[in-house]
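So you know, we letter chains A, B, ... as the sequences are listed, proteins then strands, and number each from 1.
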Amino acid sequence: MLKVILPDGKSLEYSRRVRPIDIAADIGPRLAKATLAAEVEGQWIGVHDLLPAEGEVALRLITAKDPKALDLLRHSCAHVMARAVMRLFDGVQLAFGPTVADGFYYDFQMEHALSEADFPKIEAEMARIVKEDEAFERVEMDRLEAVKFFGDLNQSLKVEHLQEGLGDQAAVSLYRQGEFVDLCRGPHVPSAGVIGAFKLLSVAGAYWRGDASRQQLQRLYGTAFFTKPELEEHLHKIEEAKRRDHRVLGRQLDLFMIDPDVGSGLVFWLPKGAAVRHELENFLYGELIRRGYQPVNTPVIGNVHLYEISGHFPYYKDSQFPPIEMADGERYLLRPMNCPHHIMVYKSRPRSYRDLPLRLAEFGTVHRFEQSGELNGMTRVRGFTQDDAHIFCTEDQVAGEFRGCLEMTQFVLKTLGLNEYSVRLGFRDPASDKYVGSAENWRRAEEALERVCGEMNLPNLHIERGEAAFYGPKADFVVADCIGREWQLGTVQLDYNLPSEQRFGLEYIGDDNTPHRPVMIHRAPFGSFERFVGMLIEHFAGAFPLWLAPEQVRVMVVSQKVEEYGRAVERQLTEAGFRVSGDYRAEKIGAKIRDAQLALIPYMFVIGGREAENDQVAVRDRVEGDLGAMPLAAAIERLRAEVAAKTVKKK
RNA sequence: GCUAGCGUAGCUCAAUCGGCAGAGCAGCUGAUUUGUAAUCAGCAGGUUGUGGGUUCAAGUCCCUCCGCUAGCUCCA
């Protein structure tokens, strides 16, 4: 006898083995039709899966209204896609087919190279399968039995996974839909007919089991929704996002460029982009001074010997610009990071505990030879400037300093209105051998970090094992770009390694008159100016707040008759410290306004005969429109206040 | 680096089966002197990413290299 307890407290009893679909049917035929899955003791199961023969289970029926139901639908759609591909092409080996943030993919190994030209054909076959509306069916199997089963089907990737990838798991589950069957944990929607709308999006390569040394599979991406309007809205959103891509806006707004003749991944900051960066540098510099940092400037190249001591040189050899060898045999490396140089500043004289914490800051330019396929606009480049600093402190000061770094990063992000980010604690993967330093140091560092972060109110704080730097654990501020890719911006990293005996052997004399070892903190609130500004362009869709706008005001004359007064206004704005330009073309005022609107200039000062007579300007706000005429002095005061407050206007 | 796709004027894009490289915007010149999102006319702009091949003929087909895009791998 099985007792099924429903969420509303009612219960049903069964003396035969039942499935969720049976229970839904007993409650009502309409519910049976709408039920996609069931939740039993926190686990989702399929509608056709058998419940236990006896005992008591709490059961919740899942319909399309459940937010997680979309995942279920997409995973089922992935199976439908794989089925269509297998129907259309020969020799298809199945790999994995999970859901991702906005859709799903399936990996295949097959002779035919898939391309977008194949999409209509595959989509048509998928539509046929959806129309056929066959049920998904769960099959349980002993693992060895499954090895034979997939072996008979010539699915060698599945056999390999069953033999090597599943540990000592004894039984596995398969899902079958018509002639298609795959190893799958499930659950699935009851039948394919539930899939209301789907679309294939792209095809790309992916390594078997994410290992670059193994064979490459073809990964087919798609997405699915319960209804067509939802799909269309999603596709529309993707189009909108493309419009705010920093690479597109960077060109349109003349912010930056990359010239392949100079080198891939090497960014030119054009005058307008440089203006934005300059404002950000000023802002950060002020914060550094306020928070007790001491700015330094250090060389952008250094003797290879230095990086051998730090351990970077042999370790990251492949992703560095190769060293320059001089006639005397000395070798110099374009620096891939600033830390060793700041360490040399620390070492330039004996240090006392009274010097600590020593906070050395530098907008330091570094170069790394990233693989060509990893380059991306401003977000992944080969030369970039970090808003870097290194804090040398005592063991006792670590928690407080680390906290200070996190607070500064939060302050910076808040000032810019960047509130959508998550904080990732990158810890060591104990199974890997890529880390240096004693297990004891790692344990201490990770504990300290977790404690400090836990005390603060950090958004979406989560731990990821294996995400640590090779020398210590870190806290990364991760922001998603307009098409959903995640980028690490700010970072705070703890380092017990570089100060150690094996590396630079840093010391300070304590109040007990004996030498002690300092701890190092690496931190960069922006990460790099390149990546940060790339994200900011997308965040603001190119419409920077007044204090950052490359061009803050455009003066425009209604007629060239008042050009003289216009130029006087422009001069006064320049003298008041604003970035300003003037439009004295023989165009209609409507055309000038349109051009300024498209250039996303925050303020337009319109000047005609009336203003010229009264020493006024007609102020137009890019977002709010015409604000009417006011004395020039009042307009300047208004702008000053807005710049000082670093106001971020909601669109 | 790997897999796939793409590369035409400064930008966005055309060019049917391999048959005279073209438009809009931007630029320049002239006219127009304008009141809150596009005044009109004209001019100029190209070794179709590079190098090679096939062909009577290549933007179009094939190969090489370079670059870009998506994903994978990587990210001190």
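Using bins of under 30°, 30° to 60° and over 60° for the plane-to-plane angle, the ring pair Trp208(A)/His161(A) lands in the perpendicular bin.
Within the nucleic acid shown, Gly608(A) comes within 4.0 Å of at least one base atom, counting heavy atoms only. At the heavy-atom level, Glu624(A) lies nowhere under 4.0 Å from the strands shown. If you check every strand for non-hydrogen atoms under 4.0 Å, Ala596(A) touches nothing. Residue Ala469(A) is classed as a sugar-phosphate contact, given heavy-atom separations below 4.0 Å to backbone atoms only. As judged by a 4.0 angstrom heavy-atom cut-off over every strand, Glu611(A) is placed among the base-contacting residues. When heavy atoms are screened at a 4.0 angstrom cut-off, Lys242(A) is found touching no nucleic acid atom at all. Residue contacts shown for Tyr105(A) are absent, as no nucleic acid heavy atom lies under 4.0 Å away. When heavy atoms are screened at a 4.0 angstrom cut-off, Ile593(A) is found touching base atoms of the nucleic acid.
Listed by first then second residue, pairs satisfying ring-ring contact (aromatic ring centres under 6.0 Å, His included) with a partner in residues 581-625 of chain A number zero, not counting sequence neighbours. A salt bridge (charged side-chain N to carboxylate O under 4.0 Å, His left out) check over residues 608-621 of chain A, counting only residues at least two apart or in different chains, returns the pairs Asp621(A)-Lys649(A).
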Please tabulate the protein-to-nucleotide N/O contacts below 3.5 Å involving nucleotides 26-30 of chain B, giving atom names and distances.
none

Which atom pairs link the protein and nucleotides 69-74 of chain B when you take only N or O atoms and keep those under 3.5 Å?
| from | atom 1 | to | atom 2 | distance (Å) |
| --- | --- | --- | --- | --- |
| U69(B) | OP1 | Arg247(A) | NH1 | 3.3 |
| U69(B) | O3' | Arg247(A) | NH1 | 3.4 |
| A70(B) | OP1 | Arg247(A) | NH1 | 3.1 |
| A70(B) | OP1 | Arg247(A) | NH2 | 2.9 |
| A70(B) | OP1 | Arg485(A) | NH1 | 2.8 |
| A70(B) | OP1 | Arg485(A) | NH2 | 3.3 |
| A70(B) | OP2 | Arg247(A) | NH1 | 3.3 |
| A70(B) | OP2 | Asn376(A) | ND2 | 3.4 |
| G71(B) | OP2 | Arg485(A) | NH1 | 3.1 |
| G71(B) | O3' | Tyr221(A) | OH | 3.2 |
| G71(B) | O2' | Tyr221(A) | OH | 3.3 |
| G71(B) | N2 | Gly205(A) | O | 3.4 |
| G71(B) | N2 | Gln216(A) | NE2 | 3.2 |
| G71(B) | N3 | Gly205(A) | O | 3.4 |
| C72(B) | O4' | Gly205(A) | O | 3.2 |
| C72(B) | O2' | Tyr207(A) | N | 3.0 |
| U73(B) | O2 | Gln371(A) | NE2 | 3.4 |
| U73(B) | O2 | Glu374(A) | OE2 | 3.2 |
| U73(B) | N3 | Glu374(A) | OE2 | 2.8 |
| C74(B) | O2 | Glu374(A) | OE1 | 2.9 |
| C74(B) | O2 | Glu374(A) | OE2 | 3.0 |
| C74(B) | O2 | Arg380(A) | NH2 | 2.8 |
| C74(B) | N3 | Arg380(A) | NH1 | 3.1 |

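Remark: Phe119(A) pairs with no residue by the ring pair (Phe, Tyr, Trp, His ring centres under 6.0 Å) rule, at least two apart or across chains. The ring pair (Phe, Tyr, Trp, His ring centres under 6.0 Å) test applied to Phe108(A) returns Tyr106(A), not counting sequence neighbours. Scored by the ring pair (Phe, Tyr, Trp, His ring centres under 6.0 Å) test, Trp442(A) finds Tyr435(A) as partners (sequence neighbours excluded). Every residue two or more places apart in sequence or in another chain was checked for a ring pair (Phe, Tyr, Trp, His ring centres under 6.0 Å) with Tyr207(A), and none qualifies.
With His390(A) contributing its side chain and Ala361(A) its backbone, the two residues share no donor-acceptor pair below 3.5 Å. In terms of modelled atom types and a separation under 3.5 Å, the side chain of Thr409(A) and the main chain of Cys405(A) share a donor-acceptor contact. A donor-acceptor pair is defined here as one N or O able to donate and one able to accept, closer than 3.5 Å; such a pair exists between the side chain of Asp495(A) and the backbone of Leu498(A). In terms of modelled atom types and a separation under 3.5 Å, the side chain of Arg335(A) and the main chain of His367(A) share no donor-acceptor contact. Side chain of Gln320(A) to backbone of Phe369(A): no donor-acceptor contact under 3.5 angstrom is found. Within the 3.5 Å criterion, the main-chain N or O of Gln616(A) finds a donor-acceptor partner in the side chain of Tyr565(A). A donor-acceptor pair under 3.5 Å is formed between the side chain of Glu446(A) and the backbone N or O of Arg428(A).
You'll find that the side chain of Gln493(A) is closest to A76(B), out of A76(B), A37(B), G35(B). Of the listed nucleotides (A76(B), U33(B), U39(B)), U33(B) has the atom at the smallest distance from the side chain of Ser559(A). Out of A37(B), C75(B), G35(B), the shortest distance to the side chain of Arg620(A) is found at A37(B). Considering only side-chain atoms of Lys588(A), the nucleotide from U36(B), A37(B), U39(B) that sits closest is U39(B).
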Quiz item: Taking protein heavy atoms under 4.0 Å as touching, what does nucleotides 5-18 of chain B look like 5' to 3' if B marks base contact, S marks sugar-phosphate-only contact and - marks none?
Solution: ------S-------

Quiz prompt | Verdict with supporting geometry, Lys199(A) and Leu235(A), side chain to side chain contact (heavy atoms under 4.5 Å, CB included) | solution = CA-CA 9 Å; Lys199(A) 185 165 174 55; Leu235(A) 296 176; 3.5 Å; yes

Exercise. Carefully, step by step, assess Glu401(A) and Arg359(A) under the rule salt bridge (Lys or Arg N to Asp or Glu O under 4.0 Å).
Key: CA-CA 10 Å; Glu401(A) 289 300 313; Arg359(A) 309 186 186 96; 2.9 Å; yes

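Rounded to the nearest Å, the gap between the C1' atom of A44(B) and that of A23(B) is 15 Å. Across the P atoms, G22(B) and A15(B) are found 14 Å apart, a figure rounded to whole Å. Taking atom P in both U48(B) and U8(B), the straight-line distance is 12 Å, to the nearest Å. Annotation: G59(B) and U34(B) have their C1' atoms spaced 44 Å apart (nearest Å). As rounded to the nearest Å, G7(B) and U50(B) have C1' atoms that lie 12 Å from one another. Taking atom P on both G51(B) and C66(B), the two are 15 Å apart, rounded to the nearest angstrom. Look at the P atom in both C11(B) and U47(B): the space between them is 13 Å, to the nearest Å. The gap from the C1' atom of A38(B) to that of A26(B) amounts to 13 Å, rounded to the nearest Å.
Taking the ring axis of Phe104(A) as reference, the NZ or CZ atom of Arg74(A) does not stay both within 45° of it and closer than 6.0 Å to the ring centre.
Near RNA chain B, meaning a heavy atom under 4.0 Å from it, residues 255-265 of chain A has Pro260(A), Ser264(A) in order of number. Less than 4.0 Å separates RNA chain B from no heavy atom of any residue of residues 522-531 of chain A.
One donor-acceptor pair, N or O on each side, does fall under 3.5 Å between the base of U33(B) and the side chain of Gln560(A).
A stem is defined here as three or more consecutive Watson-Crick or G-U pairs, each with both distances under 3.5 Å; for RNA chain B these stems are B:1-7 with B:66-72, B:10-13 with B:22-25, B:27-31 with B:39-43, B:51-53 with B:61-63.
When rounded to the nearest whole Å, the span between CD of Glu587(A) and P of A31(B) equals 14 Å.
Between His312(A) and Ile589(A), the residue anchored closer to the 5' end of RNA chain B is Ile589(A), taking for each the nucleotide with the nearest heavy atom.
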